[in-house]
Amino acid sequence: MEAERQFEIIKTNTVEIISEEELLKKLKRQRPLRVKLGIDPSAPEIHLGISVQLRKLRQFQELGHIAVLVVGDFTGMIGDPSGQSKTRPKLTREQIKKNMAKYKEQIFKILDPKRTEFSYNSKWLGALTIYDFIDIASKHTVARILERDDFSIRLKEGIPVYMHEIMYPLFQAYDSVAIKADIELGGTDQKFNLLVGREMMRELQMEPQVIMTLPILEGTDGVRKMSKSFGNYIGITESPKEMFGKIMSIPDELIIKYFELTTDIFPHKIEEFRSGLQEGILNPRDVKFELAKTLVRMYHSAQVAEESAREFEKIYSKKELPTDLKEFKIGLEEINIVDLLMKTGLMPSRAEAKRKIKEGAIDIDGNPVKDINYVVKLNKPVVLRAGKHKFLKIIS
RNA sequence: GGGCAGGUACCCAAGUGGACAACGGGGGCAGACUGUAAAUCUGCUGGCGCAAGCCUUCGGAGGUUCGAAUCCUUCCCUGCCCA
């Protein structure tokens with residue numbers, strides 16, 4: 001495909017490309033470009049936030065380019081200073097191997113394995129001598145590194161910044177040198193690191209990588225970046241039910257952003273949703289419903305997506321019971337409600353169970369239980385509900 | 001090495017001898033409402049107990065006191081200034 005056309009495709013949904021001219025120049029050579037993305041081996045679960053970047057990679061692959069995934073098994077020991085990540089626990093070789101096996105299983109739901117390369121940065125970073133290290137460090141100033149947003153913020157607020165952390169951008173940059181990256185992708189929060197890669201390559205007389213930043217996807221709380229450590233993520237291998245529900249819980253304002261960044265829906269269709277929502281013609285609930293169906297279809301199947309949708313309506317709109325009601329055998333003829341909640345594990349403590357009973361969150365066969373001394377008779381199976389999402393069929 | 005300021009629950013943060021299981025915010029959970037597990041409003045958010053109350057918790061360890069998150073000693077950790 002001609003370079004200009006490729007460029008247009010690649011540019012969609014990006015925040016910034018530095019520089020566009022250089023990218024076009026690279027594309028015009030009509031040879032496969034090496035597109036780098038760093039991945040963190042300590043978080044083997046791929047979620048929609050990461051999928052934004054992986055999907056962009058996929059796009060490159062479809063245009064004939066190569067995805068080069070740099071597994072940060074070395075830099076993982078440091079932990080990217082962005083976010084308030086504490087010093088990460090050192091991973092053993094086995095853990096990394098295990099995590100990566102899990103990672104690969106998921107990643108090829110998005111990427112094309114034939115055009116994907118994996119390399120572990122311990123291979124070259126671990127081989128650096130202290131002399132090499134000093135040589136690299138001597139080309140970068142503290143002031144320049146401290147310009148980085150999160151460093152300067154931490155410094156200003158008196159939050160510690162450790163020496164190994166300020167080395168992080170240099171190591172990541174060196175990865176680009178080692179794999180001879182043409183382009184590096186990252187979230188907008190990665191801009192600084194990506195730029196350091198460019199500089200380092202130039203220092204070493206290499207053609208600098210082009211950097212491309214992509215939007216950060218907010219998690220289910222609608223505020224913070226989707227991340228495993230915030231617990232606001234939607235994993236691409238989650239069960240259809242879970243996935244559907246989590247998507248329905250994102251704030252309405254994020255619906256369009258999710259469509260754009262995480263789905264394969266055509267732009268004109270998304271435009272339709274956008275204007276429909278703006279003008280109040282479409283109910284946000286219905287559009288979000290479409291979003292949930294789309295994502296479940298992408299990561300499971302069309303059929304499962306339909307089923308999840310029906311199930312969701314059944315439980316939350318019609319307030320009926322789920323189809324796959326789990327059973328719990330208690331081995332007793334009757335039991336106090338609090339004990340029951342504890343035995344089934346639906347409540348973490350007796351105090352919590354009592355609280356929830358008083359709040360009216362517990363019901364048996366559709367009848368709210370408000371008395372903490374209520375005794376449940378089990379001469380026939382009953383359905384215990386705790387809150388909106390927890391159901392169990394109790395049998396004696 | 002010296003001086004100063006700090007370390008509080010999942011996170012941020014108030015509290016500086018009793019009224020503190022500890023203000024407030026975030027997050028979480030629940031209820032109401034809603035064609036949404038959205039938004040909004042309300043409640044709850046250490047454990048055991050029907051309750052009175054008891055137990056555990058304020059960086060660690062000791063101590064003073066009838067009584068400590070709050071005072072003292074010591075240790076560990078962080079920031080700032082000086083060297």
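Chain identifiers are assigned alphabetically (A, B, ...) following the order of the sequence lines, protein sequences preceding nucleic acid strands; residue numbering begins at 1 within each chain.
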> Expressed in whole Å, how much space separates the P atoms belonging to B:C44 and B:C55?
Replying inline: 25 Å

> Are the aromatic ring centres of A:F266 and A:F259 under 6.0 angstrom apart?
Replying inline: no

> Considering only the C1' atoms, how many Å lie between B:C41 and B:U34, rounded to the nearest integer?
Replying inline: 12 Å

> Could a donor-acceptor pair under 3.5 angstrom be found where the side chain of A:D286 meets the base of B:U36?
Replying inline: no

> Applying a 3.5 Å limit to both distances, which nucleotide forms a Watson-Crick or G-U wobble pair with B:U78?
Replying inline: B:A5

> How far does the C1' atom of B:G27 sit from the matching atom of B:U78, given to the nearest Å?
Replying inline: 25 Å

> For atom C1', what is the distance between B:C75 and B:G43, given to the nearest Å?
Replying inline: 44 Å

> Are any of A:S349's side-chain N or O atoms less than 4.0 Å away from OP1 or OP2 of B:G47?
Replying inline: yes

> Can you tell which of A:D252, A:I256, A:I250 makes a side chain to side chain contact (heavy atoms under 4.5 Å, CB included) with A:L254?
Replying inline: A:I250

> Whom does B:G31 pair with, Watson-Crick or G-U wobble, provided both distances fall under 3.5 Å?
Replying inline: B:C41

> Nearest of B:A37, B:U36, B:G31 to any side-chain atom of A:R285?
Replying inline: B:U36

> Taking the six-membered ring of A:F273, is NZ or CZ of A:K269 closer than 6.0 Å to its centre and within 45° of its axis?
Replying inline: yes

>> Which nucleotide wins on minimum distance to the side chain of A:E352, given the candidates B:C29, B:G49, B:A38?
In response: B:C29

> In terms of side-chain heavy atoms of A:K354, which of B:G43, B:G49, B:G35 is nearest?
Replying inline: B:G49

> At under 4.0 Å between heavy atoms, what does A:K319 touch on the DNA or RNA strands: base, sugar-phosphate, or nothing?
Replying inline: base

> So which nucleotide does B:G67 pair with, by the Watson-Crick or G-U wobble rule with both distances under 3.5 Å?
Replying inline: none

>> Which nucleotide, if any, forms a Watson-Crick or G-U wobble pair with B:A52, using both distances under 3.5 Å?
In response: none

>> Less than 6.0 angstrom from the centroid, inside 45 degrees of the normal: does A:K28 satisfy that with respect to the ring of A:F7?
In response: no

> For A:M248 and A:A351, take the nucleotide of RNA chain B holding the closest heavy atom to each; which residue's nucleotide lies nearer the 5' end?
Replying inline: A:M248

> When you measure from the side chain of A:R355, which nucleotide among B:A30, B:U36, B:U45 comes out closest?
Replying inline: B:U45

>> When both hydrogen-bonding distances must be under 3.5 Å and the geometry is Watson-Crick or G-U wobble, what is B:A14 paired with, if anything?
In response: none

>> Nearest heavy atom decides the nucleotide; on that basis, is A:K388 or A:I315 closer to the 5' end of RNA chain B?
In response: A:K388

>> Checking salt bridge (Lys or Arg N to Asp or Glu O under 4.0 Å) between A:E207 and each of A:R29, A:K25, A:R34, which is the one that passes?
In response: A:R29

> Which value, in whole Å, describes the distance between the P atoms of nucleotides B:A38 and B:G47?
Replying inline: 25 Å

>> Using a heavy-atom cut-off of 4.0 Å across all strands, would you classify A:G245 as base, sugar-phosphate, or nothing?
In response: base

> Counting side-chain heavy atoms from CB outward, which of B:C29, B:U36, B:G35 is closest to A:N283?
Replying inline: B:G35

>> Using the side-chain heavy atoms of A:P160, tell me which of these nucleotides is nearest: B:G31, B:U78, B:A30.
In response: B:U78

> Tell me: NZ of A:K390 to C1' of B:C29, nearest whole Å?
Replying inline: 8 Å

> Between B:A30, B:G49, B:U36, which nucleotide gets closest to the side-chain atoms of A:R350?
Replying inline: B:G49

>> At 4.0 Å (heavy atoms only), tell me whether A:F312 reaches a base, stays on the sugar-phosphate, or touches nothing.
In response: base

> Can you tell me how far C1' of B:A32 sits from CD of A:E359, to the nearest Å?
Replying inline: 12 Å

> Please give, in whole Å, the distance from B:A30 C1' to A:D363 CG?
Replying inline: 13 Å

>> Measuring from the side chain of A:K288 (C-beta onward, heavy atoms only), which nucleotide among B:A38, B:G49, B:C44 has the closest atom?
In response: B:A38

> Should the pair A:Y162 and A:H164 be assigned to parallel (<30°), tilted (30 to 60°) or perpendicular (>60°) ring geometry?
Replying inline: tilted

>> How many whole angstroms separate atom CE of A:M347 from atom P of B:G46?
In response: 15 Å

>> When both hydrogen-bonding distances must be under 3.5 Å and the geometry is Watson-Crick or G-U wobble, what is B:C23 paired with, if anything?
In response: none

> Which listed nucleotide (B:G31, B:U36, B:C48) is nearest to the side chain of A:R385?
Replying inline: B:G31

>> Check the orientation of A:H389 and A:Y316. Use parallel for under 30°, tilted for 30 to 60°, and perpendicular for over 60°.
In response: perpendicular

> Is A:E238 salt-bridged to A:K246, cutoff N-O under 4.0 Å?
Replying inline: yes

> Taking the same atom, C1', in B:G26 and in B:C4, what whole-Å distance lies between them?
Replying inline: 31 Å

> For A:N336 and B:G49, what is the distance between atoms CG and P respectively, to the nearest whole Å?
Replying inline: 10 Å

> What interatomic distance, in whole Å, is found between C1' of B:U57 and the corresponding atom of B:G7?
Replying inline: 15 Å

> In terms of side-chain heavy atoms of A:P284, which of B:G47, B:G28, B:U36 is nearest?
Replying inline: B:U36

> At under 4.0 Å between heavy atoms, what does A:L254 touch on the DNA or RNA strands: base, sugar-phosphate, or nothing?
Replying inline: nothing

> In whole angstroms, how far is the C1' atom of B:A37 from the NZ atom of A:K293?
Replying inline: 18 Å

> B:U34 P sits how many Å from A:D252 CG, rounded?
Replying inline: 16 Å

>> Would you measure the distance from the P atom in B:C71 across to the matching atom in B:C77 and give it in whole Å?
In response: 22 Å

